Amino acid sequence: MIEKNYQPADIETRMSVVWEDSLAFKAGRPDRRDAVPFTIVIPPPNVTGSLHMGHALNNTLQDILCRFERMRGRDVLWQPGTDHAGIATQMVVERQLMERQQPGRREMGREKFLERVWQWKAESGDTIINQLKRLGASCDWSRERFTMDEGLSKAVVKVFVELHREGLIYKDKRLVNWDTKLLTAISDLEVQQTEVKGHLWYLRYPIEGKTFNPEDTSSFIVVATTRPETMLGDTGVAVHPEDDRYQKLIGKNVVLPLVGRKIKIVADEYSDPEKGSGAVKVTPAHDFNDFEVGNRHGLRRISVLDREGCLDLLDNEDYLRDLPEGAAQFAEEFHKVDRFAARKRIVERLESFGFVERIEPHTHMVPHGDRSNSVIEPYLTDQWYVDAKTLARPAIAAVRSGETTFVPKNWEKTYYEWMENIQPWCISRQLWWGHQIPAWYGPDGKVFVAETEEEAISHALGYYVEQEVITPEQGREMALDRNKREGFITRDEDVLDTWFSSALWPFSTLGWPDETPEVQRYYPTNALVTGFDIIFFWVARMMMMGLHFMKEVPFSTIYIHALVRDEKGAKMSKSKGNVIDPLNLIDEYGADALRFTLAAMAAQGRDIKLATSRVEGYRNFATKLWNACRFAEMNHCAVPDGFEPAKAKETLNRWIAHETAHTTREVTEAIEAYRFNDAAGSIYRFVWNVYCDWYVELAKPVLLGPDSPAKDETRAMVAWARDEILKLLHPFMPFITEELWEVTARREGLLALAPWPLKPVEPTPEQLAMLAATTGPTDALVSPAWVLPIFDHADFTDPAAEAEIGWVIDLVTQIRSVRAEMNIAPATLTALVLAGASAETKERAPRWADVIKRMARLSDISFADRAPDGAVQLLVRGEVAALPLKGVIDVAAERARLDKEIAKAEADIKRAESKLANEKFVANAAEEVVEEEREKREAALARKAKLLEAMERLKQAS
RNA sequence: GGGCACGUAGCUCAGCGGGAGAGCACUACCUUGACAUGGUAGGGGUCACAGGUUCGAUCCCUGUCGUGCCCA
């Protein structure tokens, strides 16, 4: 029995349990042992996270694909799991400690703190997983992984050691993006350029050997800078080599104000004569461009900031070297002043000596950390890097060759753009939460990279014995006795960038580096579904790592979906307060409604502006389906054993079989092409506007009438089409369809495992050969599925049924329309006269009399040679249908209506004729198009003739 | 500055070379035996603007204006 009301919450809770208990989503089910696998790895959400709209969209689309392929008989693995999210998680736990006024991370120490994070993960790590389950995600939950679990950590270490051995991971001292708040390096991608209103300071740097005088422009050179405080670390001034103004100064020295250091004026094209004064100060230790300039001219790098962004001058040997007397006093005064305070004070000091020429307002981009939102400092440190350039090469080639395809395709350009200009990837982070780098340092700082500490120590001992730092005897003792080697080597404190482990996700989750059956069976995966915001962070890096370690692309299709915005198009953010919580929507409208909304709006290449009214609308759609199923149940509709829709005799039933097959094809093809919105739109229209609005309505007289073979067949067909609907809709609305599947009949199994109405047909060897002959191996756009027929049953094409039901629909619609126009009350029944009806109509009319009377509110249907006087006359598929309403209708109004119709017909005739009169049109347009135009003209002419006749009759009657 | 999108009904969006579509909102009517979370009918658009290609442009091309995003 179907409950009277559709209550999503009840159904969803119950169905989750049913699916879980039946292991429906388990990969490698015995009954699918011989099936072709279909694999998707979930973009692992942060353990700190909770479900937001982006997740809801992302996972809905993945689930649609997985459920679709599962129903198509594939052995589906949707691999779930979560990401340890280094910085984000560490921040959450630290904030928690602070809120609870507990000792901070540094006071606790590394070990204690990590225990604490694990504890926190244990407490709240399930949150997002449970939320994904509420959405209906059909992951194989038994295989859930975490980027820091044992197996994945093993993969991380293995990858690090291998890449290091191959020279693709190395340690280097260069400028990094330094977060002075989180006290760690971050990668370029984690830096957000934000426009900031600042100033451009024009500073006078005195020329060596001249007496500085603000009035004498030959005594100084003006440099423009946005960061005056870094001038303490200046080691040069650059001018453009072709800038006439400065030719004479190239090679000379200036004396750095306040500091007294002598620095050289160099010619470098980096300096833009159009910008500022055309001369720039060069601070190689605090600016990426200056770093390059410095390298080109052999300038010193003097770091004047500490890790927290304060001036660091005392005991700074680089800074103090070669400074004149008195410099130490200045250093003492400014030591440990914060960078922004220092900026102010240094400018004041420069002004007091006349070194500031002018200050202009200046808007420019300033780098900010995406997590801390503090200003990022280019900072000179030792960090670990991945040689991304080398790894990118095959990753670019794989997309170029079509081994991996982006959908929509335009993202490939973005991918190439970035990959071709890729910079070394800084992977070390000065954090605690993450994979600690498997590198150990000997007493002299030499690095030993190894999978375990034991291995590292053995390398180290071997090395130092050979170097005669220790004797062989000492080496043996230390190798045997843990205590004796204590502290001999120390492990690198840093951890890896979170994305390092995510990059391995498509194979590490399958058990790699062990040679597991899962790696064999499920790699490479089929599709990756993700947002464009992580193409660089994640997708590109999976491509690099997958190709390098597995020698195969990690996925063949990358489907990039849009961002979910609020209904005004603004990015959802906590600070704007415009966040729509998907869980609230699920509570209010049900997960199915939310899923359907997201799918219906997931058009390729366009952001989703989500309005809750849409969700409500699709909840109503679910209710509609619910009630249609109730109707079927009340009328004892069931599919008898051995029922074959293709053998239906009743026209109406043949028609719905045809329409069902048509929709099935549309939905199937749309999902295959990742056109989720088309698939959703197609099934929506079918359920509401075809099945409910017409099929069920037209079937009512039969279903409510006396028993007959026609009634039996109709009952069967109502139920059959309903089952087809449930199947087609299941990937989009899994809960309600599974529920209805269960309660509407005795079933062999779950809907989630039921066969999809259209199965892909395995291509025959001949077809494959043909395909190979027609498309070269480079033409990856053409996949076999698009070329070969995929249908495994008839599409029930039946033009006769279409014509007959189409006539009924047109007739009813037109009568309704004119009744409304004439303001005829619904309670008033009118007669219908079919004037000059064809044999076909005469035959059809009695068959449909009941239904037409019911739907068009008619008292009776009769035939006549001509329409009665004073009747409203309609043209239905070229024939006159008259409603004798003499005395009821307003003649003037009816005349106006006919006039309007005639005008419309005339406009159509004119348009068609002008086209056909155009010789070029007839000569150039496709034959079908011209023919179509002729048909249009004939139809319009006939229509006009009938309408004029009707008008004549109306005139006579009045 | 470079790149990628996007300007279609009041709103949110489809369509993308041969007569403008959906959902929501709106108007009128309807408690008809699945459904008022419903039914029926209806109003509403020089498809941003200007050129070009074409027999034919909302659709392709160029430019302009406007909006958003990404990268320097």
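Keep in mind that the numbers below use all heavy atoms, side chains included, and drop hydrogens, waters and symmetry copies. The structure displayed is predicted, hence computed values, not measured ones. So you know, we letter chains A, B, ... as the sequences are listed, proteins then strands, and number each from 1.
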Would you classify A/E697 as touching base, sugar-phosphate or nothing, given that sugar-phosphate means primed atoms plus P, OP1 and OP2, and contacts are heavy atoms under 4.0 Å? base
Going by side-chain hydrogen bond (donor to acceptor under 3.5 Å, both in side chains), name the pairs with one or both residues in residues 681-695 of chain A, residues two or more places apart or in two chains. A/N653-A/Y695, A/E666-A/S682, A/N689-A/D693
Looking only at the side chain of A/R614 (C-beta and beyond, no hydrogens), which of the listed nucleotides B/rU12, B/rA14, B/rC24 gets closest? B/rU12
Set of side chain to side chain contact (heavy atoms under 4.5 Å, CB included) partners for A/E821, sequence neighbours left out: A/S817, A/R897
A correct dot-bracket answer for RNA chain B, with pairs being Watson-Crick or G-U at under 3.5 Å, [ ] for crossing pairs and | for inter-strand pairs, is (((((((..((((....[..)))).(((((.......))))).....(((((..]....)))))))))))).
Checking A/L916 now: which residues fulfil side chain to side chain contact (heavy atoms under 4.5 Å, CB included) with it, not counting sequence neighbours? A/F921, A/V930, A/E933, A/R934, A/R937
Selected nucleotide, minimal atom distance to A/P826 side chain, candidates B/rC29, B/rA22, B/rC4: B/rC29
Find every protein N or O atom lying less than 3.5 Å from an N or O atom of nucleotides 54-58 of chain B, and list the pairs.
residue, atom, partner, partner atom, Å
B/rC55, OP1, A/N924, ND2, 3.0
B/rC55, O2', A/N918, ND2, 2.7

Looking only at non-hydrogen atoms, find the nearest pair between A/M543 and A/V399 and report the distance. CE-CG2, 3.9 Å
Compare the minimum distances between each of B/rA72, B/rA14, B/rA34 and the side chain of A/C692, then state the nucleotide with the smallest one. B/rA34
Would you give a per-nucleotide map of nucleotides 37-42 of chain B, 5' to 3', where B means the base has a protein non-hydrogen atom under 4.0 Å away, S means only the sugar-phosphate does, and - means neither? BSSSSS
Ring centroid separation A/F596 to A/Y589 under 6.0 Å: no
